[in-house]
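In what follows, a single structure is set out as structure tokens and then discussed.
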Amino acid sequence: MSETGPPERDPDAERERRRRERERRQRERTAADRQEPGRRGSEGSADAPRGRQRAPRPPAGRRMRGIVIGAAAVLLVVVILLIAGGGGGTAPGTTVAGVDMGGDEAQAKAALTKRADELLSRRVELQAGGGTVATVRLSDIGATVDVEAAIRAAQDASPSRLIRGLKAITGQSANEVPLRADFRKGAVAGWVAEVSDQVDRPERDAAVLVRGADFTVEPSEAGRVLDRKALAAAVSDDLTALPGAIALPLRPKEPALTTDAARQQVAQAEEVIRRGTNVVVDDLEATLPRDDVARAMRFTPEGLRIAASELRRPLLAAYPKGSVVPSPARYVIRGKRAVVVPSKTGRLVDARRVAEGLMGEDRPVESSFVDVTPVFTTEKARSLGIKEEVGSYTTPYSPGEARVTNIRRASSILNGTIIPAGGSLSLNKALGRRTEARGFVAAPMVADGLYVDAVGGGVSQVATTLFNAAFFAGFELNEHTAHQLYIYRYPEGREATLSWPTPDLKITNNWDAAALVRVTNAADSITIALYSTSFDRKVESETSERFEFTKPVERRVTSPDVTQGEVLYSEGSEGFSVRITRKVFKGSDLVSDDVFTTVYLAPPKVILVPEGTPGAETPVSPD
């Protein structure tokens, strides 16, 4: 028998088998890959959900573009940072008032100091009404610049390196920091007040002049007022933004009574007069003088009215029978006591009813007698606590001098004034402006260290006398100004000058009772006494020795009395200072402890020369 070997395999069948084997293994690997994320998430738990299919990798081209973009961004940031420079101190290009603070710190500080001085000393024009009214340098009103603070502000304001690089690429500066001035407390407000005093113009109401029963309208005029806050803000802002000329912020101020309104009221007043001024009281008819009714008319922003108080005199003259004039309470002085003289009720025609009737159309105007209680009653007088003298002072004068006329005129106005408890008195307000029309005359007074003639000269003696009476009454001395030159008739350091509108004398009755001002004039002196309630007050005072002496200067002054050569008017003498102390007690309690220091100028050596002499002074009388 023959021997046979293993059967021979078909090559095609073998290749097919291998292909199938590879496909099977590939399917197994694919299935395993799909299950792998789920197995990691559930740590092999049989219940874990199947994981998500892995995202396909992006194409190679997209991956390359992302890499290129990221590298470009990093490169751009690096370039910006290189352009920006170092990251410490002040960024290059950061400026203060035009000075680059990004360089050497010492050089920047020196440059900024110089620039600040230039800005502070620069003259700025203040303009109003189309012209320059004043100029100012900020340094003249106490402005300074804190350079160190400005440098710190520049450092704080410096941008990051990235931002400053971006600004450099786009052509922008790194930063601009404002430079502001520092002012002493109250300096700007004080300066603004001075400017306001110079440029403010008060509005003027229309006025109606009455001559007999004829009326003439004086036109109104608008005023203007400085916006103080706006001006203060303008000089307090960035110094580099301050212009060379400031148009002052002025607001118009319209009058309360315009010309048109006054003319309308005049037409109404003329109609009132045309209707007649006849009045009937208790069946007795009388006609009031047209001139008296015209003088009683008041032209106001609220409209035309007739003042009843101004009709009382013509009504008293028209109806004397049955009229009794009321008497107010008053004080009489007996020794050092103030005694109340009781008031008395009167009986007069009802002036208010007449005034209202005249404004109407019916004629005659009907009225009647009414009881009239005086404003200042006995009860009111007694309630004020005016009982006894609490302070008094006397100063001498030479009879016959022109100044004595002014002293007596001022005394008559001031006499009888009552200062309420806690109330104040301004002597200028009490006396009013001194004019010839009001009975004052020209007399010598001190102005700018020289004696000149002025209407009202001499009223400072009233101020000095009142000052001393208030001094020893323990009153609060709010405002007073000593004479520039010492005047022998007054106590050293305890005196006050007065002019219009300043300087003024202001005092406060800081006690719990009103005070009566009583002024009396002898042939050669003036006395002012204050009456109130004592409250056991006591005043202690001391005057120092003279100190800080000064020498006189020579002044050449023009005089119409000198036509040629020179005339020695006065030799001059030393100036000095003096200090006054005052302690005010209420019983044993100290109420106030005051110190007043007065500096007197040295009276100059005065040489009179002809008018027009070069370099000589021309004395100017104050208003």
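Note that these values count all heavy atoms, side chains included, but never hydrogens, waters or copies made by symmetry. As the structure is a prediction and not an experimental result, all values here were calculated from the model.
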**Report entry** Heavy-atom donor-acceptor pair, Arg537 side chain to Ser534 backbone, under 3.5 Å
**Finding:** yes

Requested in this report: Report yes or no: does Arg353 contribute a side-chain atom to a donor-acceptor pair with the main-chain N or O of Glu366 at less than 3.5 Å?
Outcome: yes

Requested in this report: Would you indicate whether the side-chain heavy atoms of Phe440 and Leu431 approach each other to under 4.5 Å?
Outcome: no

Query raised in the report: Does Arg434 reach the side chain of Val459, with side-chain heavy atoms less than 4.5 Å apart?
Result: yes

Query - Side-chain donor-acceptor contact under 3.5 Å, Asp504 with Ser426 - result: yes

Report task. Over 60° means perpendicular and under 30° means parallel, so classify the ring planes of Phe596 and Phe471, tilted if in between. Result -> tilted

Report task. Report yes if the side chains of Arg263 and Asp260 come closer than 4.5 Å at any heavy-atom pair, otherwise no. Result -> yes

Query raised in the report: Is Asp593 atom CG crowded by more than 12 heavy atoms from other residues, nucleotides or ligands, each under 6.0 Å away?
Result: yes

**Report entry** Separation between CD of Glu476 and CG of Asp594, rounded to the nearest 0.5 Å
**Finding:** 8.5 Å

Query raised in the report: Judged by atom type as modelled, is there a donor-acceptor pair below 3.5 Å linking the side chain of Ser327 to the main-chain atoms of Lys344?
Result: no

Query raised in the report: Are side-chain heavy atoms of Met359 and Arg305 found at a separation under 4.5 Å?
Result: no

Query raised in the report: Do Phe467 and Arg494 come close enough that some side-chain heavy atom pair is under 4.5 Å?
Result: yes

Requested in this report: Nearest 0.5 Å please: distance from the CZ atom of Phe475 over to the OG atom of Ser532.
Outcome: 6.0 Å

**Report entry** Polar side chain donor-acceptor pair, Ser343 to Thr378, under 3.5 angstrom
**Finding:** yes

Query raised in the report: What do you reckon, is CZ of Phe585 surrounded by more than 12 foreign heavy atoms closer than 6.0 Å?
Result: yes

Report summary line: CH2 (Trp191) and OG (Ser196) are apart, to the nearest 0.5 Å, by 11.0 Å

Query raised in the report: What's the verdict on side-chain contact (heavy atoms from CB on, under 4.5 Å) for Thr543 and Val578, showing C-alpha distance, side-chain angles and the deciding distance?
Result: CA-CA 7 Å; Thr543 303; Val578 67; 3.7 Å; yes

Query - Check: Arg363 side chain, Gly360 main-chain N or O, donor-acceptor pair, under 3.5 Å - result: yes

Query raised in the report: Are any side-chain N or O atoms of Thr558 and backbone N or O atoms of Glu617, one a donor and one an acceptor, separated by less than 3.5 Å?
Result: yes

Report task. Taking Glu203 for its side chain and Ala256 for its backbone only, find out whether a donor-acceptor pair lies under 3.5 Å. Result -> no

Requested in this report: With rounding to the nearest 0.5 Å, note down the distance linking CG in Leu427 to CG in Leu414.
Outcome: 6.0 Å

Query raised in the report: Hey, is the main chain of Ala134 close enough, under 3.5 Å, to the side chain of Thr132 for a donor-acceptor pair?
Result: no

Query raised in the report: Would you say Tyr531's side chain and Glu388's backbone share a donor-acceptor pair under 3.5 angstrom?
Result: no

**Report entry** Check against side-chain contact (heavy atoms from CB on, under 4.5 Å), Val390 and Trp511
**Finding:** CA-CA 11 Å; Val390 295; Trp511 296 81; over 6 Å; no

Query raised in the report: Does the side chain of Gln461 pick up a donor-acceptor pair with the side chain of Thr395 at under 3.5 Å?
Result: yes

Requested in this report: Could you check if a side-chain atom of Leu311 sits within less than 4.5 angstrom of a side-chain atom of Leu358, using non-hydrogen atoms only?
Outcome: yes

Query raised in the report: So which of Tyr490, Tyr488, Tyr486 actually passes ring pair (Phe, Tyr, Trp, His ring centres under 6.0 Å) with Tyr600?
Result: Tyr486

Requested in this report: Please report the C-alpha distance between Thr259 and Ser220 in whole Å, then the side-chain angles of each, then the deciding distance to 0.1 Å, and finally whether the side-chain hydrogen bond (donor to acceptor under 3.5 Å, both in side chains) criterion is met.
Outcome: CA-CA 5 Å; Thr259 303; Ser220 61; 3.1 Å; yes

Report task. Could you go through the side-chain contact (heavy atoms from CB on, under 4.5 Å) check for Arg201 and Leu250 one step at a time? Result -> CA-CA 10 Å; Arg201 186 175 65 206; Leu250 299 171; over 6 Å; no

Query raised in the report: Just wondering, do Leu226 and Leu248 contact through their side chains at under 4.5 Å, heavy atoms?
Result: yes

Requested in this report: Would you check if Pro491 and Tyr393 make a side-chain contact, meaning some heavy-atom pair closer than 4.5 Å?
Outcome: yes

Query - Minimal non-hydrogen separation, Ile407 against Gly458, with atom names - result: CG1-O, 3.4 Å

Report task. Identify the residue among Ile528, Thr527, Asn468, Ile526 that makes a side chain to side chain contact (heavy atoms under 4.5 Å, CB included) with Thr394. Result -> Thr527

Report summary line: Between the CG atom in Leu530 and the CG atom in Leu466, the distance rounded to the nearest 0.5 Å is 6.5 Å

Requested in this report: Quick one: do Thr508 and Asn478 satisfy side-chain hydrogen bond (donor to acceptor under 3.5 Å, both in side chains)? Show the steps, please.
Outcome: CA-CA 7 Å; Thr508 294; Asn478 308 103; 2.7 Å; yes

Requested in this report: State whether the side chain of Asn415 and the backbone N or O of Thr520 hold a donor-acceptor pair below 3.5 Å, judged by distance alone.
Outcome: no

**Report entry** Worked verdict on Phe299 versus Leu304 for side-chain contact (heavy atoms from CB on, under 4.5 Å)
**Finding:** CA-CA 5 Å; Phe299 302 84; Leu304 176 68; 3.7 Å; yes

Query - Side-chain ion pair, Glu356 and Arg352, N-O less than 4.0 Å - result: no

Query raised in the report: Is there a donor-acceptor contact under 3.5 Å from the side chain of Thr345 to the main chain of Val372?
Result: no

Requested in this report: Take atom CZ of Arg489 as the centre, draw a 6.0 Å sphere, and report whether it contains more than 12 heavy atoms from other residues, nucleotides or ligands.
Outcome: yes

Query raised in the report: Which distance, rounded to the nearest 0.5 Å, do you find between the CZ of Arg438 and the CG of Asn406?
Result: 11.5 Å

